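So the structure is just underneath, and the comments pick up after that.
Remember, it's a predicted structure, so these values are computed and weren't measured experimentally. Lettering follows sequence order; numbering is per chain, from 1.
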2 protein chains.
Amino acid sequence: MATIKEIAKKAGVGVGTVSRYLNNHPYVSDDKRIKIKKAIDELNYTPSAIATQLRSNSTKNIGVLVSRFANPFFAELFDAIERKLNQFGYQVLVSQTHDDSAAEQRFLDQLKNKQVDGVILASVENHQLVEKFAKSYPNKIVLLNEENKDNNIPSIVLNHYQATMNGLEYLYQKGHRNFSYITGGDYDNKHHGYSRTKAFQDFLKTHQLSINNKWVFSQQHTALDGQKIAQDLMIDSRKLPDAVFTNSDEVAIGLINELQKNGIHVPKDIAIVGYDDQPFARFAEVPLTTIRQPINAMANKAVDILLKNLTDSNIDENITEQDLKLKLIIRKSA
Amino acid sequence: MATIKEIAKKAGVGVGTVSRYLNNHPYVSDDKRIKIKKAIDELNYTPSAIATQLRSNSTKNIGVLVSRFANPFFAELFDAIERKLNQFGYQVLVSQTHDDSAAEQRFLDQLKNKQVDGVILASVENHQLVEKFAKSYPNKIVLLNEENKDNNIPSIVLNHYQATMNGLEYLYQKGHRNFSYITGGDYDNKHHGYSRTKAFQDFLKTHQLSINNKWVFSQQHTALDGQKIAQDLMIDSRKLPDAVFTNSDEVAIGLINELQKNGIHVPKDIAIVGYDDQPFARFAEVPLTTIRQPINAMANKAVDILLKNLTDSNIDENITEQDLKLKLIIRKSA
DNA sequence: AGCTCATATGGAATCGATTCCATATGTAAA
DNA sequence: TTTACATATGGAATCGATTCCATATGAGCT
C-alpha cells in the first residue's frame, strides 16, 4: 500500500502539500491538486487510519459493552447505538461480558491504551473498577441503565424503582398476595438491578406481605433459566405463588412455557410480569404483560451525552425526560 | 499519559530496554527489570495500542458485518463470533448495513485504511464491491452464509437449497399445493438467498405447480413485514394459499399473529414454515416449524478460517461438515 | 593471551500522517 | 518604492513503540 511520501514523489510535490490536499486545506494550487489527485488514483492510495490516529491522538472509535448479545434487549439497544454513532462518523468496538468481570477489565483497558475515544457501558460487573476508570477518564464514560452510588459518572438512569412498583401494584390490585421475584442480579447486593429489588422489598413491607425465600431467584437471565425456575416452583406443587415478577421477558417466556407444559395455566393459575417488552413479547404463546424500556430514546441519549462530553460541541439533545419513561404494557400474562 | 521515553528516563535506562522488558525479550538484566517495573507502576503506564499498531502494521482488530442486529439470528451469530475472536485476543469492530450498500463500502474501507486485519461478512449487499476487495485482500475476507459466483472467496456455505427443498417437500407431502413464498432478497436476482429461491422455483417445476405472483414477496425481514403480508394475502379472502414458506422466523411470527387475529388458523387453514430456528421460535403462539441454522458451528468455522488465513498457523478446525447441516425442526405451524 | 559466543544495553531509524517553520511570490495599500 | 498581508510550498519535527546496529562485558575454550 502506498504512503503519502510516494504520492508526494510521484506528484512532484512535498508531503506537506499532499497532506493539505487530503485535508482540504485552502493553500493548495489547482495544478498541484490535479497532479496529486492523479497520483492518488494511480497508486490507489488511502491514508492509513492508524498513522492519523497516532498523530491526532484520537481514534473516532467508541467502545460499547453489553452483557450478552443474544439477549434481544441488548441486541436492539446496540442496534440503535451503532446506527447513531455511525451517523456521527464513529466506528464501534464492542464486547460482551457474559458475567465475566475480566472481560470488563479488558474492555476498559482500551480506554487506557487509547484504542477508543470513549465508552458506553450498558452493563457493569465490577462497579469499583468502573469508578476507578471514571476517575482517570471523566467525560469518556457513559453508563446506560446502570447506576453508580456517588452519581459522579454521566448516566442514563430510568426510574426502575417506580416502574417495578407500578407493576407490583398492578398485581396487588388484581388480588395477588403470594409473590415470587426473579432478578438478574443479587437479591441482597446493592448493585445490578438493585432499584428494582429495592422496590420489591419496599412493596412487601408496605403491604405487610411475607416472602417465601424459595421463591426468590437471583442471577437469572435466559429462557432456559426460566424453565428451570418453573421446575423449582413445581417441586412443592401444593403451594405455588400466584404472581411472579421477573427481570426479563426471556425468563418470563421460559417460565410460562414450562408451567403451561405442566398444566399450570397463565394467567389463570399464576400471573407473570416480564421486563423490557422485547420484540417477541407480543407474539408469545401468552402475550406478555411487561414493562417497556424506551430503547431508542435510551440509545440516542447515551450517544448524545458521550459525544457532547467528548467534543464539547452542543449536539442538540432532543431526548426528553418524557421519552425515557418506563411503561407497563398490559397484555395477557397478568 | 506516560510514554515509553518517560519510563526509560525515570528508570535510568534506554527506550530499547524498556521495550524489551515489555515484550519479554530475554536480554534484560534483573536489576533493570526491577527499576523499569517500578517506573511503570509509579507512572501508571500502558503502551499505546495505536503506536504498536503503526509499527507492527497489524491491529488485532477484526471487522464483522451483519445486516441488522435486531434480527435475533444475527445477534446470536455475532454473540458466538465475538466470544471466539475474544478468546484469540482479537477485538471486534462491528457494523450493520440495514440494506444500505454505502455502509458496506465504509465497512470494507476499513481493510484499506488498515483499521482491521480482516473481516467476516455475514451479509452482503453489493457482491461486485466485495469481489473487488477480495481481489486486493485475499485471505482477509471470509463470507458467512453468502455465496460468491466464482467461488474464489473463502466462504462458509450451507446447503440452503437442500434445506429449502426438504421444507417444501414436507409441505407437499402434507398435501399442500398452493404456495406462497417470502424472501429477504429478490425473487429474480442471483444474489442474496438465491439458492433458497432457486430451490423453490425448481420445486414448483418438479411438481408442475403454478404460482400466483401476488403470493411472492421480496425484501421482507421483520415481524412487521410479516403482518403486512398477512393483510395483503387476506385482501382476496376467497382464495388463500394453503402453505407459506418464509425466509425468516421473524416474518413467520408476524404473519401468523396477524392471520390468527383475523380468524385464520395456523396450521389448520394455512401451514407456515419459518427459517433460522431463532431462540423464540419454540415459544411462539404457534410454535414454529422451521429450518434450524447451526449458529455456533457457523460462527466458529468462520473465525477458524479467517484466523488461519491471517496467521498461517493451523488453528485446529474441529467443525465438520456434519456440524454445518441445516435441519428441519417440526413443531406446530406446519 | 587471543578468540568466540552469549548476554546486555543505548539510541538512531522506522512506521505514515500532520503541523509548524522558513521561505517565496504576488498584489494591494501607503 | 516600501510595507503588509494573503497565498503557496517543501521539509523537518512530531506522535509512541519496535528493531536494528554498534558496542561492551564476561565466560569458556584453545
d([atom1], [X]; [atom2], [N]) in whole Å:
X	N	atom1	atom2	result
B:Asn113	C:dG16	CG	P	14 Å
A:Gln53	C:dA17	CD	C1'	11 Å
B:Asn57	D:dT19	CG	C1'	15 Å
A:Leu43	C:dA17	CG	C1'	16 Å
A:Lys114	D:dC15	NZ	C1'	9 Å
B:Ile50	D:dG16	CD1	P	12 Å
A:Lys5	C:dA13	NZ	C1'	11 Å
B:Arg33	C:dT7	CZ	C1'	12 Å

So which protein nitrogen or oxygen atoms get under 3.5 Å of nucleotides 22-25 of chain C's nitrogens or oxygens?
none

Can you list every ring pair (Phe, Tyr, Trp, His ring centres under 6.0 Å) pair that touches residues 37-71 of chain A, not counting sequence neighbours? A:Phe69-A:Phe78, A:Phe69-B:Phe69, A:Phe69-B:Phe78
For the side chain of A:Asp323 and the backbone of A:Thr320, is there at least one donor-acceptor N/O pair under 3.5 Å apart? yes
Could you pull out all residues at least two apart from B:Val130 that satisfy side chain to side chain contact (heavy atoms under 4.5 Å, CB included)? B:Glu104, B:Leu108, B:Leu121, B:Val124, B:Leu143, B:Ile153
Contacts of B:Asn113 that satisfy side chain to side chain contact (heavy atoms under 4.5 Å, CB included) - sequence neighbours left out: A:Thr46, A:Ala49, B:Gln110, B:Gln115
Classify A:Asn23 by what it touches in the nucleic acid, base, sugar-phosphate, or nothing, heavy-atom distance under 4.0 Å. sugar-phosphate
What pair of heavy atoms forms the shortest contact from B:Leu144 to B:Ala302, and how long is it? CD2-CB, 4.0 Å
Between B:Ala2 and B:Leu43, which heavy-atom pair has the shortest distance, and what is it? CB-CB, 4.0 Å
Return the set of residues passing ring pair (Phe, Tyr, Trp, His ring centres under 6.0 Å) with B:Phe107 (not counting sequence neighbours), or none when no residue passes. none
Result for 5'-nearest mapping on DNA chain C, choosing between A:Tyr45 and B:Arg55, is B:Arg55
Counting just side-chain N and O atoms, does B:Tyr21 come under 4.0 Å of either OP1 or OP2 of D:dA17? no
If only side-chain N and O atoms of B:Ser19 are considered, is one of them under 4.0 Å from the OP1 or OP2 phosphate oxygen of D:dT18? yes
So A:Phe133 and A:Tyr137, would you call those rings parallel, tilted or perpendicular, with 30° and 60° as cut-offs? parallel
Ion pair present between B:Arg68 and B:Asp99, side-chain N to carboxylate O less than 4.0 angstrom? no
Under 3.5 Å, which N/O atoms of the protein pair with N/O atoms of nucleotides 5-12 of chain D?
from, atom 1, to, atom 2, distance (Å)
D:dT7, OP2, A:Tyr27, OH, 2.8
D:dT9, OP1, A:Ser29, OG, 2.4
D:dT9, OP2, A:Ser29, N, 2.6
D:dT9, OP2, A:Ser29, OG, 3.3
D:dT9, O3', A:Lys32, NZ, 3.4
D:dG10, OP1, A:Lys32, NZ, 3.3
D:dG10, OP2, A:Gly14, N, 2.8
D:dG10, OP2, A:Thr17, OG1, 2.6
D:dG10, N7, A:Arg20, NH2, 3.0

